[in-house]
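The sequence lines fix the lettering, A, B, ..., with proteins before strands; numbering per chain opens at 1.
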There are 2 protein chains.
Amino acid sequence: MSAPKLARVIDIHALKSACSSCSLREMCLPIGLSQDEIDKLDQMVYTRKRVKRGDSVYRSEEKFGSLYAVRSGFFKTTLVMEDGRDQVTGFHMAGDMLGMDGIGSDQHSCNAVALEDSEVCVIPYGRLEELSREVYVLQQHFHKVMSREIVREHGVMLLLGSMRAEERLAAFLLNLAQRFTSRGYSASEFNLRMTREEIGSFLGLKLETVSRTFSKFQEDGLIGVQQKNIRILDSEGLKSVLGRDPA
Amino acid sequence: MSAPKLARVIDIHALKSACSSCSLREMCLPIGLSQDEIDKLDQMVYTRKRVKRGDSVYRSEEKFGSLYAVRSGFFKTTLVMEDGRDQVTGFHMAGDMLGMDGIGSDQHSCNAVALEDSEVCVIPYGRLEELSREVYVLQQHFHKVMSREIVREHGVMLLLGSMRAEERLAAFLLNLAQRFTSRGYSASEFNLRMTREEIGSFLGLKLETVSRTFSKFQEDGLIGVQQKNIRILDSEGLKSVLGRDPA
DNA sequence: TGGAAATGTTGATGTGGATCAAACCTATTC
DNA sequence: GAATAGGTTTGATCCACATCAACATTTCCA
């Protein structure tokens with residue numbers, strides 16, 4: 001499945017009207033705004049930035065200044081330990097917000113790396129603060145976005161702390177499917193943008209275990225796997241893997 | 001679990017001066033405020049609530065309405081899976097903020113349970129939103145608090161996803177010690193408020209593993225353990241457990 | 001205050017996923 | 001289109017932690 005790769009040359013004028021005409025409007029920040037408020041918002045987001053596969057939007061330790069709304073493409077966020085071990089803390093797609101980790105200490109605490117050529121809307125944080133004092137629904141929405149990130153991470157903690165390998169992978173696939181669905185893509189077929197190793201890092205498993213578990217799901221008729229291409233054949237079956245006895 | 005049995009009558013006057021005279025001022029919300037702003041803040045927090053050991057401040061699914069600043073005592077937050085497995089997502093002490101998980105969906109997504117008789121300041125969320133539109137530093141501080149919660153959870157993900165049992169427990173102890181220190185308590189001796197099982201749930205380990213690892217740390221002269229009492233004997237040694245080869 | 005329940009420790013054994021290893025497949029590059 | 005590198009699959013083996021079990025200690029409250 002190809003990403004919403006619009007983003008050819010975008011002239012200044014097009015940028016000015018970024019939010020008001022953006023198809024991701026409902027996923028991203030603004031919702032339920034008056035025309036007047038949308039105009040304000042358009043003044044907030046005045047830069048888009050392309051990020052090539054492998055490049056980062058920001059890196060750990062870097063000074064924090066802006067949030068980034070994923071406009072198209074796919075990202076991972078990662079933490080790196082001194083000894084080199086690294087942990088993928090999330091995968092992010094169109095409509096997701098990146099960079100909120102930086103607000104608390106004024107510097108970023110993880111790396112945000114593009115897993116395919118991507119595009120983000122740069123939201124200068126000061127501007128967002130300002131506007132969210134003026135526009136109530138924006139404040140409200142921004143708080144919800146942060147809160148949901150907290151809840152998402154709770155879910156990952158549950159996964160990492162309490163689930164077995166098969167459960168983790170089932171939960172992962174179902175979550176991806178759900179997110180693709182809510183963005184209008186097929187829930188039953190998609191291409192993974194990340195490697196087995198990155199999936200493993202996110203799920204607290206080794207890449208071999210990820211691969212084996214994919215194979216097992218395939219044998220069980222739950223999914224079809226062909227490299228990065230995944231077809232969900234039995235969504236209910238996958239769900240029933242969650243919370244099932246080790247059997 | 002008993003319902004939010006509200007806060008017996010508490011002297012209104014004492015409450016009115018809650019924030020302005022609170023010793024946790026710097027940990028909690030307000031910081032660097034003018035007298036005028038502090039006055040506003042005092043109007044925001046007009047209830048304190050006692051929570052007895054074992055009772056909850058809020059439960060999953062419950063409608064969201066307020067945030068809670070821990071005034072004294074100790075809490076855990078937990079998620080429960082359908083099949084009964086549960087995951088402790090955090091331990092919270094004086095100055096910590098609880099309830100931010102509820103903002104995104106207008107209902108709480110975890111349980112906040114007191115591990116000892118405790119007291120919280122109830123912060124009606126609507127009031128906080130309102131005030132943070134008027135008082136810039138409050139807005140700023142609130143955003144930082146949320147952001148730090150995101151970063152804290154990143155850290156837990158790293159712990160759960162990439163560390164071995166000994167590392168997890170060492171990180172846990174060091175984190176606790178650090179938090180006690182920053183609250184003016186001893187960094188080298190403290191009492192655990194939670195059981196081995198709760199520690200295990202938080203760290204993704206079984207209680208037996210927690211117990212054994214405590215014993216091992218004791219044998220190695222890193223800590224002294226006597227039931228819930230912990231003395232950190234060799235803080236550097238504990239740090240060196242992190243990121244050390246399985247050796 | 002006594003006795004039951006909850007919590008904690010320690011030992012013996014089992015196992016899920018890690019590790020090590022070897023092919024294989026796919027994409028990129030020159 | 002051959003060479004190379006990155007990614008994936010699969011098998012054999014290992015080990016960190018889980019599980020099962022027995023007992024010790026503390027806490028709770030009737």
For atom [atom1] of [X] and atom [atom2] of [N], their distance in whole Å:
X	N	atom1	atom2	answer
Gln218(B)	dG8(C)	CD	P	15 Å
Ile230(B)	dG8(C)	CD1	C1'	12 Å
Asn229(B)	dG8(C)	CG	P	13 Å
Phe217(A)	dT9(D)	CZ	C1'	16 Å
Leu169(B)	dG8(C)	CG	P	13 Å
Lys216(A)	dT9(D)	NZ	P	16 Å
Leu192(B)	dT26(D)	CG	P	15 Å
Phe214(B)	dG8(C)	CZ	C1'	11 Å

Gap between atom CE of Met194(A) and atom CD of Glu116(A) - 0.5 Å precision: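 If we round to the nearest 0.5 Å, Glu116(A):CD and Met194(A):CE are 10.0 Å apart.
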Under-4.0 Å side-chain N/O to phosphate OP1/OP2 contact, Arg53(B) with dC28(D):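 Yes, such a contact exists.
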Contact under 4.0 Å: Ser215(A) side-chain N or O vs dT10(D) OP1/OP2: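 Yes, Ser215(A) has a side-chain N/O under 4.0 Å of OP1/OP2 on dT10(D).
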Pair Lys216(A) + Glu219(A): basic N to acidic O under 4.0 Å: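 Not counted as a salt bridge, because no side-chain N and carboxylate O are separated by less than 4.0 Å.
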Sidechain N-carboxylate O distance under 4.0 Å for Lys239(A), Glu236(A):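 A salt bridge is present here (some side-chain N lies under 4.0 Å from a carboxylate O).
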4.5 Å side-chain heavy-atom contact, Asp96(B) and Phe91(B):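 A side-chain contact is absent here, since even the closest heavy-atom pair is not under 4.5 Å.
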Under 3.5 Å, sequence neighbours excluded: what are the donor-acceptor pairs made by side chains of residues 199-206 of chain A?
{"residue": "Ser201(A)", "atom": "OG", "partner": "Asp86(A)", "partner atom": "O", "Å": "3.2"}
{"residue": "Ser201(A)", "atom": "OG", "partner": "Val88(A)", "partner atom": "N", "Å": "2.8"}

Donor-acceptor contact below 3.5 Å, side chain Thr213(B) vs main chain Thr209(B):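 Side chain of Thr213(B) to backbone of Thr209(B), a donor-acceptor pair under 3.5 Å: yes, one is there.
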Sugar-phosphate only, base, or nothing, as touched by Ser211(A) at under 4.0 Å among non-hydrogen atoms: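 If one applies the 4.0 Å heavy-atom cut-off, Ser211(A) turns out to touch a base.
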Base versus backbone protein contacts along nucleotides 17-27 of chain C [heavy-atom cut-off under 4.0 Å; B, S, -]: SSBB-------
Pair listing, side chain to side chain donor-acceptor pair (under 3.5 Å) test, anchored in residues 167-177 of chain B, at least two apart: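 Only Arg85(A)-Glu167(B), Asn175(B)-Arg179(B) qualify under side chain to side chain donor-acceptor pair (under 3.5 Å).
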